[in-house]
Amino acid sequence: MEEECRGLSDSEIHELAMSFGEAAGRCEKAGFDGIEVHGAHGYLICQFLGTRTNRREDRWGGDLQGRSLFLREVLREIRNRTSEGFLVCVRISPEHDVGVTMSESLELSTMMVDWDVDMIHISCWDAFTGAQGDPGDSRTITRRFREELGEEVPLISTGSIWDGSDAQFVMDEGADLVGVARVAIAYSDWASEVEDDGYAPERPPFTPEHLIEQGLSPTFVDYMRRWKGFVTDGRQGT
Ligand SMILES: Cc1cc2nc3c(=O)[nH]c(=O)nc-3n(C[C@H](O)[C@H](O)[C@H](O)COP(=O)(O)O)c2cc1C
């Protein structure tokens with residue numbers, strides 16, 4: 001289905017940035033120590049960053065400075081509505097079809113350090129390979145961010161980590177923290193078990209019974225059937 005889109009007005013952009021700030025304020029009030037801003041995966045902030053989705057000719061578009069202005073405003077609004085010491089992390093996609101490239105993401109990450117972001121989270125999908133857009137550079141994405149940033153800022157890296165040695169590899173590449181999704185869905189105790197040297201969680205596909213046993217609802221199991229190769233009776237492939 002084709003859907004129409006239109007450019008946001010200036011006041012709509014300000015309103016949206018303010019809403020992010022208000023949401024962060026509510027999180028602090030509710031007792032959270034910090035928040036993670038979602039600037040990855042093609043969501044709104046990522047669309048502002050991307051050259052294919054952001055074709056604005058005003059100050060919210062153009063070069064990286066312009067395309068990152070929305071994120072900067074979001075961060076400003078968050079800082080205005082939360083206390084000093086409230087942690088602000090930003091999750092980005094180092095590369096994305098919306099027109100986000102590795103080189104600009106590296107540049108953005110140094111800009112974010114200047115904006116006092118407390119932590120940067122890179123969503124790599126596969127933390128063991130290099131950037132797809134730079135086939136000549138075999139360094140992992142994590143390593144390239146760490147080299148760009150020095151030790152200045154904590155880095156979280158996520159993508160295809162399955163066991164303790166995977167996690168260690170990504171940390172040796174320069175991550176301070178790793179994120180996991182699929183393995184923790186399949187093994188609810190992963191975070192506490194992974195410290196054991198011999199821990200070797202089996203790989204997908206999983207039976208629906210195993211997933212139910214791990215605490216997934218039937219609706220969640222059904223959703224996971226859409227993830228390639230995850231459920232024995234779901235979408236096939238890797
Ligand atoms: C069921 C499921 C839901 C997800 N939902 C989100 C989401 O809402 N926001 C997000 O940033 N990433 C989401 N992801 C992506 C994960 O955060 C992660 O980056 C990705 O799955 C790669 O990590 P993994 O190999 O450990 O699964 C989701 C992943 C899965 C499996």
Side-chain angles (χ1 to χ4, degrees), residues 20 23-24 27 32 34-50 53 71 74 87-98 100 102 105 108-109 112 117 119-132 140-142 145 154-171 173 175-195 199-208 210-212 214-238:
F20 274 93
C27 288
F32 289 94
I35 47 99
E36 181 176 84
V37 176
H38 206 322
H41 296 186
Y43 293 119
L44 186 63
I45 292 170
C46 191
Q47 288 174 26
F48 267 94
L49 292 171
T53 37
L71 172 60
V74 163
L87 289 171
V88 178
C89 172
V90 180
R91 182 173 217 214
I92 57 165
S93 292
E95 299 181 288
H96 197 283
D97 292 347
V98 296
V100 166
M102 184 69 188
S105 294
L108 176 69
S109 68
M112 288 197 286
V117 164
M119 206 156 29
I120 294 172
H121 184 164
I122 46 173
S123 175
C124 304
W125 288 106
D126 185 345
F128 301 89
T129 61
Q132 288 182 354
T140 62
I141 295 171
T142 309
F145 271 80
L155 190 63
I156 309 179
S157 184
T158 302
S160 303
I161 292 164
W162 200 261
D163 58 22
S165 64
D166 289 348
Q168 190 59 55
F169 172 81
V170 177
M171 293 182 83
E173 289 295 286
D176 299 281
L177 292 163
V178 295
V180 289
R182 282 166 289 189
V183 72
I185 290 170
Y187 298 98
S188 52
D189 289 336
W190 188 87
S192 46
E193 304 248 15
V194 73
E195 287 193 13
Y199 181 55
E202 272 180 38
R203 304 223 167 217
F206 301 104
T207 62
H210 167 82
L211 296 172
I212 297 272
Q214 291 298 311
L216 272 68
S217 67
T219 310
F220 195 3
V221 173
D222 208 33
Y223 172 72
M224 290 312 295
R225 286 189 171 99
R226 292 191 230 160
W227 284 74
K228 264 192 201 166
F230 197 81
V231 188
T232 45
D233 60 2
R235 214 169 137 205
Q236 301 301 307
T238 49

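Order of appearance sets the numbers: ligands from 1, and atoms from 1 within every ligand.
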Worksheet item: For A181, is at least one N or O under 3.5 Å away from an N or O on ligand 1?
Response: yes

Item to complete: Say whether S160 and ligand 1 are in contact under the criterion: heavy-atom distance to a ligand atom below 4.0 Å.
Response: yes

Worksheet entry | Protein contact to atom 14 (N) of ligand 1 [nearest heavy atom, distance to 0.1 Å] | H41 CE1, 4.6 Å

Worksheet item: Under 30°, 30 to 60°, or over 60°: which ring-plane class applies to Y187 and Y199, parallel, tilted or perpendicular?
Response: perpendicular

Worksheet item: Can an N or O of R182 be found at a distance shorter than 3.5 Å from an N or O of ligand 1?
Response: yes

Worksheet item: Can you tell me which residue and heavy atom of the protein come closest to atom 20 (C) of ligand 1, and the distance to 0.1 Å?
Response: W125 CZ3, 3.4 Å

Worksheet entry | Sub-4.0 Å protein heavy atom next to atom 7 (C) of ligand 1 | no

Worksheet item: Does F230 reach ligand 1, in the sense of a heavy atom lying below 4.0 Å from it?
Response: no

Worksheet item: Which residue supplies the protein heavy atom nearest to atom 2 (C) of ligand 1, what is that atom called, and how far is it?
Response: W227 CZ2, 3.7 Å

Worksheet item: Do any heavy atoms of V180 fall under 4.0 Å from ligand 1?
Response: yes

Discussion item. List the residues meeting side-chain contact (heavy atoms from CB on, under 4.5 Å) with P154, not counting sequence neighbours, and say none if there are none.
Written reply: M119, D176

Fill in: For Y223, atoms of ligand 1 separated by under 4.0 Å from a heavy atom
1 (C)

Practice prompt. Could you tell me whether atom 31 (C) of ligand 1 has at least one protein heavy atom nearer than 4.0 Å?
Written response: yes

Item to complete: Starting from atom 23 (O) of ligand 1, find the nearest protein heavy-atom neighbour and note its residue, name and distance.
Response: T158 CG2, 3.6 Å

Discussion item. Going by the closest heavy atom to atom 19 (O) of ligand 1, which one wins out of R91, E36, H38?
Written reply: R91

Worksheet item: Can R182 and D166 be counted as an ion pair, charged N to O under 4.0 angstrom?
Response: no

Worksheet, complete the sentence: dist E173:CD -> L155:CG (nearest 0.5 Å) comes out at 11.0 Å

Practice prompt. Keeping the roles fixed (side chain from W162, backbone from E202), state whether a donor-acceptor pair exists under 3.5 Å.
Written response: yes

Discussion item. Show the atoms of ligand 1 that are less than 4.0 angstrom away from any heavy atom in S123.
Written reply: 19 (O)

Worksheet entry | N/O donor-acceptor pair under 3.5 Å between Q214 side chain and S188 backbone | yes

Worksheet, complete the sentence: CD1 (I45) and NE2 (H38) are apart, to the nearest 0.5 Å, by 9.0 Å

Discussion item. Using ring centroids (six-membered ring only for Trp), state whether W125 and H96 fall under 6.0 Å.
Written reply: no

Worksheet, complete the sentence: Quick note on ligand 1: atoms under 4.0 Å from a heavy atom of M224 include exactly 1 (C)

Item to complete: Would you check if the side chain of T158 reaches a backbone N or O of S123 as a donor-acceptor pair within less than 3.5 Å?
Response: no

Worksheet item: How far does CG of D163 sit from CD of E193, to the nearest 0.5 angstrom?
Response: 13.0 Å

